[in-house]
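So the structure is just underneath, and the comments pick up after that.
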Amino acid sequence: MKLQQKLAVQIPEMRQRVNKLLSESGDIVVGDVTIKQVYGGMRGVKCMVTDISYVDPNEGIRLRGHTISELLKLLPKPEGAEVPLVGGLYYLLLTGEVPTMAEAMEVEDELKARSEVPQHVFKILGFMAEKASPMNLFSTAIMLLETDSVFAARYDEGMQKEEYWEPMLEDSLNLVAKLPTIAAYIYRLKHMNGSIPKPDLNLDWGANFAHMMGIEDPDYKDLSRLYFIVHSDHESGNASAHATHMVASTLSDIYYAASAGMNGLAGPLHGRANQENLHWLLGVYDKYGRVPSKDELRQYAWDTLNAGQVIPGYGHAVLRKTDPRYTALHEFGKKHFPDDPIFKLADLLYEVVPDVLREQGKARNPWPNVDAISGTLQHHYGIQDCDSNGLCGFYTVLFGVSRVLGVSANAVWARALGQPIERPKSLTTAMLEEIVDKVQVA
Ligand code: NMX
Ligand code: MLT
């Protein structure tokens, strides 16, 4: 069934479920909040809801109930390909159902029909390219598309609240459709004077990105789809998803909201960790002129920690085991280029870093996250993260292209369920001290 029709059937049922929960059980307690959590980035505080994905600390992400490895088997694939269609994943994120090939292709066709990027975006990015980082360009490009927001226009006309999700979906499809061209254009501006091949209408959304990057190796098409699938969603508390949700909760449209999410993704503790990890690996490789020994790598890792820095790509706010997204990308590298020296180095890092972090005793999770391998795979295909002016972050743009799938699917459902403006409560330090005094007296 077509995406829009399917959602039109699902939304009233879901509204009923949520209304029942709220009216019959709205006052039931879900969890307590400690002072450590109030000061500690709200870690573990249960205060958001999404049905699109869930991160179990040990098992990792499930998207609509499916693990990454299940999804790679379940979702429809283009003929002869190893990795499924991203259009099929988007259908799953939005509807919760594994699409048939026809349903996945309907989404792919919708995206193709909406993929033309307005000329002003190319022009303005072109003016900025010399001085702006790839993530600045990416976030700006999303904002430049805002002029065409259907949601903003319909809101001004005075639409009913029940209808909000429809233009939100329209905008989301329009935005997602253009992202591969925008990302490839940013790369080409930085490295190839901004000339970009026309999208190939015979290719799917993910493969078209590879084509526009000028890489015709079919393996890179598979890697692009894989990359865009694994980074798409990671429940709603992560910084990019949460920022998007918060901004959208003010009834800003998806362009304002997703651009805010991308600004969060640009930080080194979040999506930029893929860039940091790759640069770290290249730094080690350059220092020794080869893959170092385990002892040398251990020392390098300690030097990083002793300099007060983090080891990028390791640790996580929720996960407590190896990230299954790391595993999926690692398997791809192992199958296609096990002898790539940087891939070997990333492998050696896995053998060294968890022990080092355990020995240091600070990180709650010593295992790798997705960013400990993703840059290595792009690097293998010759994709550079930095331009000749030293402006870096293209790998984070690729994370961002994928993350917009998840945050926009969430934004459509947030509108459908009438989620209100987000507004948690802040306290003062004196108030917390007062709470402590009262507890101690009692
Ligand atoms: N290297 C060194 N120290 C670390 C690391 C690491 N990889 N991970 C955590 N720590 C430290 C952390 O800085 C903190 O130190 P302090 O008490 O001095 O402030 C301490 O260990 C406790 O932190 P955790 O509670 O384990 O982690 P938290 O939930 O606060 O932060 C991350 C999670 C992901 C921000 C953190 O593990 C980190 O900085 N990792 C490296 C950057 C990274 O890979 N980010 C990408 C995350 C995934 N993504 O795609 O967004
Ligand atoms: C993500 O994919 O957003 C990261 O792993 C960070 C997180 O989940 O906190």
Side-chain angles (χ1 to χ4, degrees), residues 36-37 39-45 48 50 52-57 59-63 68 93 135 227-245 258 261-281 298 300-329 346 349-350 352-376 393 395-407 410:
K36 215 191 285 173
Q37 290 171 309
Y39 268 110
M42 298 184 278
R43 205 71 81 256
V45 176
M48 301 183 78
T50 172
I52 293 179
S53 68
Y54 181 76
V55 179
D56 176 84
E59 186 193 51
I61 185 73
R62 278 183 184 260
L63 298 161
I68 297 276
L93 294 179
M135 277 305 276
Y227 210 92
F228 295 142
I229 287 173
V230 300
H231 290 89
S232 60
D233 207 36
H234 216 233
E235 68 176 36
S236 286
N238 70 72
S240 49
H242 191 189
T244 306
H245 174 73
M262 293 306 105
N263 296 341
L265 192 71
L269 296 186
H270 193 14
R272 194 177 121 182
N274 59 14
Q275 151 188 343
E276 305 278 328
N277 174 272
L278 199 261
H279 296 182
W280 196 92
L281 292 174
R298 191 176 295 110
Y300 197 94
W302 270 114
D303 290 347
T304 301
L305 294 180
N306 291 335
Q309 290 156 19
V310 297
I311 306 207
Y314 281 76
H316 200 272
V318 178
L319 292 170
R320 293 296 174 258
K321 290 272 165 63
T322 297
D323 187 340
R325 301 172 297 176
Y326 173 97
T327 309
L329 292 176
L349 202 63
Y350 188 103
V352 166
V353 166
D355 283 344
V356 169
L357 286 177
R358 269 193 293 248
E359 209 178 315
Q360 191 205 29
K362 279 186 10 177
R364 267 178 265 242
N365 173 33
W367 299 106
N369 61 63
V370 66
D371 297 320
I373 193 71
S374 58
T376 296
Y395 299 164
T396 310
V397 170
L398 301 184
F399 190 150
V401 169
S402 171
R403 184 50 55 94
V404 174
L405 297 165
V407 299
N410 272 288

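Every number for a ligand or one of its atoms is a count from 1 in the order of the listing. Position 1 is the first residue of the sequence, and the numbers go up from there.
Taking every non-hydrogen atom of Phe399 and a distance limit under 4.0 Å, the qualifying atoms of ligand 1 come out as 50 (O). For ligand 1 and Gly313, the ligand atoms under 4.0 Å from any heavy atom of the residue are 43 (C), 44 (O). Atoms of ligand 2 lying under 4.0 Å from at least one heavy atom of Phe399, given by number and element, are 2 (O). Below 4.0 Å from some heavy atom of Ala317 lie the following atoms of ligand 1, by number and element: 29 (O), 33 (C). Ligand-side atoms of ligand 2 in range of His316: 4 (C), 5 (O), 6 (C), 7 (C), 8 (O), 9 (O), range being under 4.0 angstrom from any heavy atom. Below 4.0 Å from some heavy atom of Arg325 lie the following atoms of ligand 2, by number and element: 1 (C), 2 (O), 4 (C), 5 (O).
Of the protein's non-hydrogen atoms, His234 ND1, 2.7 Å is the one closest to atom 8 (O) of ligand 2. Taking atom 14 (C) of ligand 1 as the reference point, the nearest protein heavy-atom neighbour is Lys362 CE, 4.6 Å. For atom 3 (N) of ligand 1, the closest non-hydrogen atom of the protein is Val310 CG1, 3.9 Å. What sits closest to atom 34 (C) of ligand 1 on the protein, heavy atoms only, is His316 CA, 3.8 Å. Ranking the protein heavy atoms by distance from atom 41 (C) of ligand 1 puts Tyr314 O, 3.2 Å first.
In this structure, Met42 places its CE atom where only 12 or fewer heavy-atom neighbours from other residues, nucleotides or ligands lie under 6.0 Å away.
Close placement of the His316 and His234 rings is indicated, their centers lying within 6.0 Å of each other.
Atom 32 (C) of ligand 1 is never approached by the protein to below 4.0 angstrom, counting heavy atoms only. The presence of a protein heavy atom under 4.0 Å from atom 46 (C) of ligand 1 is confirmed. Inside a 4.0 Å radius of atom 12 (C) of ligand 1 there is not any protein heavy atom. For atom 19 (O) of ligand 1, the nearest protein heavy atom lies 4.0 Å away or farther.
Residue-level proximity to ligand 1 for Asp371 is carried by the side chain, the only part with a heavy atom below 4.0 angstrom. Residue Arg43 touches ligand 1 through its side chain alone, judged by heavy-atom distances below 4.0 Å. Within the 4.0 Å heavy-atom criterion, the part of Leu305 lying near ligand 1 is the side chain and not the backbone. With a heavy-atom cut-off of 4.0 Å, Ala273 touches ligand 1 through its side chain alone.
Put simply, CE on Met48 and NE2 on His245 are 4.5 Å apart, with the number rounded to the nearest 0.5 Å.
Under the 4.0 angstrom criterion for non-hydrogen atoms, Leu357 is in contact with ligand 1.
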Q: Start with the C-alpha gap between Phe399 and Tyr227, add the side-chain angles, then the distance that decides, and say whether ring pair (Phe, Tyr, Trp, His ring centres under 6.0 Å) holds.
A: CA-CA 8 Å; Phe399 190 150; Tyr227 210 92; 7.9 Å; no
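Comparing Arg43, Arg403, His231 against atom 2 (O) of ligand 2, the shortest heavy-atom distance belongs to Arg403. Residue Ile311 holds the heavy atom nearest to atom 1 (N) of ligand 1 of all those in Leu265, Leu269, Ile311, Asn274. Nearest-heavy-atom check against atom 51 (O) of ligand 1 across Arg325, His231, Arg272, His270 picks out His270.
Considering only heavy atoms from C-beta on, Ile61 stays 4.5 Å or farther from Tyr54 through its side chain. Within the 4.5 Å cutoff, no side-chain heavy atoms of Glu235 are placed close to those of Asp56. No side-chain heavy atom of Leu319 sits under 4.5 Å from any side-chain heavy atom of Pro57. With contacts defined as side-chain heavy-atom distances shorter than 4.5 Å, the pair Leu93/Leu63 qualifies. In this structure, Tyr395 and Leu278 have side chains that are in contact, with non-hydrogen atoms separated by less than 4.5 Å. At least one side-chain heavy atom of Tyr314 sits under 4.5 Å from a side-chain heavy atom of Leu349.
Counted by atom type alone, Asn410 and Thr244 present zero donor-acceptor pairs between their side chains at under 3.5 Å. Checked by atom type, the side-chain pair Ser374/Tyr326 shows no donor-acceptor distance below 3.5 Å. For the 3.5 Å distance criterion, the side chains of Ser240 and Arg403 qualify, holding a donor opposite an acceptor.
Relative ring orientation between Tyr300 and Trp280 is described as perpendicular, the plane-to-plane angle rising above 60° on a 0-90° scale split at 30° and 60°.
Taking any N or O of Ala363, backbone or side chain, at least one lies under 3.5 Å from an N or O belonging to ligand 1. Taking any N or O of Arg364, backbone or side chain, at least one lies under 3.5 Å from an N or O belonging to ligand 1.
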Would you give me the side-chain donor-acceptor pairs under 3.5 Å for residues 353-360, sequence neighbours excluded?
from   : atom 1 : to     : atom 2 : distance (Å)
Asp355 : OD1    : Arg358 : NH2    : 2.9

